[in-house]
Amino acid sequence: MDQAPEAGEFMLADLGGPVREALFPSTPVGDGFDTVVPPGHGATRLLPGATVDMLGPLGRGFRLAPTGYPIARLLLIAGAESLPLLGPLFQAAPSVVLVVEAATRAQLPPPNRFPPTVELTLVTRDGSAGYLGPLEAEGAAPAGLERAHTRLVELVAWAERICVAHDPSRYPALAALVKRVRLQPHADLAQAIVRVPMPCGAGVCDVCRVATPRGERRACVDGPVFDLLDFLPE
Amino acid sequence: MDQAPEAGEFMLADLGGPVREALFPSTPVGDGFDTVVPPGHGATRLLPGATVDMLGPLGRGFRLAPTGYPIARLLLIAGAESLPLLGPLFQAAPSVVLVVEAATRAQLPPPNRFPPTVELTLVTRDGSAGYLGPLEAEGAAPAGLERAHTRLVELVAWAERICVAHDPSRYPALAALVKRVRLQPHADLAQAIVRVPMPCGAGVCDVCRVATPRGERRACVDGPVFDLLDFLPE
Amino acid sequence: MIELAPNHKYGLAIDVPLMPASGAFGYGDAYGDLVDISGLGAIVTNPISLQPRQATQGRRIAVHEDSFVVHTGWPNPGARRVIRDYGATWERLTVPVIVHLLANHTSEVARAAALFSAVPNVRAIELGFTAAASRKRAVELVTAAAVEGDLPVIAQIPFDRVDDLAPYLARQGVDALTLTAPPRAVLPVDENGEDPGVARFGRGRLYGRALFPLLLNTLSRWAVKLPVPVIACGGIASPDDALACLTLGAAAVQVDALLWRDPSLLDRIARALAKPRAAYPAVTHLLSPNEPETEENV
Amino acid sequence: MIELAPNHKYGLAIDVPLMPASGAFGYGDAYGDLVDISGLGAIVTNPISLQPRQATQGRRIAVHEDSFVVHTGWPNPGARRVIRDYGATWERLTVPVIVHLLANHTSEVARAAALFSAVPNVRAIELGFTAAASRKRAVELVTAAAVEGDLPVIAQIPFDRVDDLAPYLARQGVDALTLTAPPRAVLPVDENGEDPGVARFGRGRLYGRALFPLLLNTLSRWAVKLPVPVIACGGIASPDDALACLTLGAAAVQVDALLWRDPSLLDRIARALAKPRAAYPAVTHLLSPNEPETEENV
Ligand SMILES: Cc1cc2nc3c(=O)[nH]c(=O)nc-3n(C[C@H](O)[C@H](O)[C@H](O)COP(=O)(O)OP(=O)(O)OC[C@H]3O[C@@H](n4cnc5c(N)ncnc54)[C@H](O)[C@@H]3O)c2cc1C
Ligand SMILES: Cc1cc2nc3c(=O)[nH]c(=O)nc-3n(C[C@H](O)[C@H](O)[C@H](O)COP(=O)(O)OP(=O)(O)OC[C@H]3O[C@@H](n4cnc5c(N)ncnc54)[C@H](O)[C@@H]3O)c2cc1C
Ligand SMILES: Cc1cc2nc3c(=O)[nH]c(=O)nc-3n(C[C@H](O)[C@H](O)[C@H](O)COP(=O)(O)O)c2cc1C
Ligand SMILES: Cc1cc2nc3c(=O)[nH]c(=O)nc-3n(C[C@H](O)[C@H](O)[C@H](O)COP(=O)(O)O)c2cc1C
Ligand code: FES
Ligand code: FES
């Protein structure tokens, strides 16, 4: 590998099937990277030490800041399943807050998985642990519970950059929240990654098209990291 | 493997392709056997120690003699390419004569490959070593050469059993030779093996049909070892 | 109990929706103890003609990657000899025997069908057609088999003739359809086999996993739509494959020449299919062939 | 030099009998340095319609074993936008550009063909048809493209319409034929992907090695027999595969979606095809489609 993929970029790996599969870095390791794949994924059948042919790095990853203008306050927002996609950002700024949302307590990641510099905010949609989700829901919370929304608004106001890895069906609502809190958000203030099959990785096959209110984009070349505000409802 | 294949019997091995392939024993080794496959054959890609799923032993092998009536004088006749098929018979009788025919000297096997009890008779079709072939050709030989035919007639008269592994297109002429020398040859006096693809090994697929003047036979269940006289022209 | 010939006076009821395809299993006794025939729904015989047929000469199989082609000329000892050799075996079987006839001439098909009708436990005729058989000729052949034979008639449809022949024969009174016979294909010949250098291509009937995605397409387009039961055939290589075919509306499945590699496949599929029908997964993302197509549902 | 449109006034001469298939390569610049376009015979664009088209929603790819199906709805920015975005790129290429048009309505095809005729270095139109297009309609579409466009017209024939459409269009004046467009297929969906549990089957255009034996059969039956050049397409995955197609009479080959796995395949095939033509192996054991069939020669 000439170069390791950065956060949100991907490698197209030949795992023996008829099409390549996208591998995203979850942790940079030396010159290479660790990746998290679902159970049963082709990559789990690889033997340790196996050589995998890869193309990449491909795609537009998370864009933290122009060189020379480092950011101090980074907000990460993840669904529990998409959390590994944000792994390479856990130490990307002096102050990192990570909001993780899961359906229920059992699906939350163990807090010891994170570097001590990451400040963790846990959210469950059933209120079984941490704040009560969903993230974008407002209104009074049942007794003994606190709404995630209130906390999220604070964090969005605080952050210099917001990086999101969640179910894309949530992006319109999250975009609306950012727009409400920040009024005139600049381009790339909030960025969101979309994970879809990307068989060609070259903008050729149209399998990875993502519909946004601003028209269709291809995840492999226009993304997979988009400006969250592209998803803002018209 | 429950049981190792005997001379002329075969195993159907699953070597990863969509059909099984027949493996013939060339040398019995302990409970198993060695087999000789052509260069490029699927089996050459197996790693040492690989487990291969096999069905068998299948087919009718060489029938030397009913139990209790051991034979003393065994004649083996092989084309150089088919020689491994007779390997398990090299020590099957106190006195074994092996006739090997090749196109030219370079294709003859090295004599040190055979047990010392085997008496070797080498034949080349171009006369570059040993007797001058082809085996069944009569008539005067060019100066300095001796016809294989003369020697073969002696050996056929001498033998109690004759086992042949050669190109099946030669079997009609060899059958005629045996018939001429032995006049009333008994069943199974001379036997010949036919090697064809045998994908099912069960008499189902008809791929292995062998045409004889006495009608079609299936190599996998009626053979692969046939009475040589089945090939006698009508 | 699955009824494969609901419109026929005798019907063709089977317990398990599974049988070997014609040509894959011989005449019933070939696999001996390797296959438990009583666990199948039926057996289908190798192709049989009225008169004996000999094998073609030359290369009869070519293997390349995951596929192989077979070209034998359908040798068989002829109807009378088959009955003499296997009639008693068939009578002892606990499952129905479906006799596969090479459908060449109406008179020959009629006579063969009449002969097999009289054999105990022969419960249906399956007809194989040439790829070039016209609709008219196919109906004549089906009619010849049905009238003379008195047994349910199943038509095994050539691979590239489904759209044309399947709905037509179903309307014209065939009792069930086998979709499909193997397609013709040409394979490059790997030069490491028995006769290196002789031929670069082999032609014949195609077998292998390659057929399965095309079979599923055919089923998804036709199985539910046709007014007679459909038997799925082509590239089925696992219990999951068999379940997929039933999910798409096949009444039963045939396992083709892939079973030569793994005769135990029949028993494994039989066990999977013996589970209660409700356990079959449901079709979700697939257009029913009767529904109009829209951008949304294709 | 290979002439792909010998009957057309301008012709379509290419140096190397190799090009990507429509849909596999984008509009020419997608693979950047990974593919040396100057080593190809031509490029074929992704399918283009006169008006912009959006992608279908829902699952667009399903992978199973060695095959995959793709279902996208052929999204594209429409003819005018494509010309604006890629016209300059095409002009700089040293090889001809073949524009693939989605052949839906004659008036749209005619207008799109006229637009592309005026673009420098666009040297032919390839038409893609729906599987259901009648002969009459197919000829109308070809005629519309030819009359308005002034360029050679290549027809990419649907997989299961070769016997029906290929000889007919060849007689009616098409300049060359691409055999074939990918077949439709249905694949069981491996439940380990992005959306477990959502769908058990995916439908779409089939790609993979499965197609190659069927392509060779189509070529062996038709390539020599048809009066116009045939471009082979379907499952080609190696230089040997490409040579096999040329041996069976194809004038050129297209590499389909298998090149996504291995973009270097194009360069490797190009190198193999650059060797002198006499080195191609000869057909030995294969019936020429013009010869009468006998027991001996089939
Ligand atoms: C131009 C052309 C195109 C063709 N296209 C295709 C094609 O797309 N796909 C394809 O598969 N074949 C194709 N074929 C081959 C053709 O379908 C058959 O080989 C041919 O029809 C053999 O049958 P027949 O009865 O017409 O010929 P005959 O010479 O009369 O047949 C000889 C004998 O073959 C036997 N026979 C062969 N097949 C069968 C069968 N299935 N059932 C019963 N008996 C059989 C019969 O005993 C028959 O009497 C094509 C042939 C030609 C000449
Ligand atoms: C009973 C039935 C059986 C079918 N069998 C098959 C089959 O065997 N194989 C198969 O592949 N399909 C099959 N189809 C699908 C059918 O071929 C196409 O989906 C249908 O023809 C779409 O084209 P249309 O113009 O008729 O429909 P429309 O609804 O008018 O088409 C909508 C639009 O789709 C676009 N379009 C779709 N395909 C193409 C194309 N290739 N080129 C250009 N534009 C295109 C055009 O823009 C067209 O205007 C079947 C459909 C039905 C209802
Ligand atoms: C008498 C006869 C016997 C045939 N036997 C077989 C056969 O055993 N297996 C097979 O796959 N095809 C068989 N075929 C069909 C051929 O394989 C093939 O489909 C036919 O020759 C098509 O050739 P073509 O496409 O070059 O015209 C037979 C055809 C005929 C006429
Ligand atoms: C408007 C429209 C768009 C289509 N787009 C695609 C496509 O992008 N990819 C594809 O493989 N098939 C496409 N098809 C065809 C379908 O995949 C498929 O062939 C068709 O729905 C056949 O379904 P049926 O056999 O169940 O009737 C399209 C069909 C229509 C009508
Ligand atoms: S992955 Fe093919 S266009 Fe994006
Ligand atoms: S190998 Fe199948 S019949 Fe002999």
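Chain letters run A, B, ... following the sequence lines, proteins first and then strands; every chain starts at 1.
- Within the 4.5 angstrom heavy-atom criterion, only backbone atoms of D:Ala24 (N, CA, C, O) approach chain A.
- A donor-acceptor pair under 3.5 Å is formed between the side chain of D:Arg60 and the backbone N or O of D:Thr56.
- Donor-acceptor pairing under 3.5 Å is lacking for the side chains of D:Gln156 and D:Thr180.
- For chain D, no part of A:Leu12 is nearby; none of its heavy atoms comes within less than 4.5 Å.
- Applying the salt bridge (charged side-chain N to carboxylate O under 4.0 Å, His left out) criterion to D:Arg81, with sequence neighbours excluded, gives D:Asp85.
- Evaluation of the salt bridge (charged side-chain N to carboxylate O under 4.0 Å, His left out) rule for A:Arg170 yields A:Glu101, A:Glu136 as partners, not counting sequence neighbours.
- Only the backbone of D:Phe25 has a heavy atom closer than 4.5 Å to any heavy atom of chain A.
- Using a 4.5 Å cut-off between heavy atoms, A:Asp206 touches chain D through backbone and side chain atoms alike.
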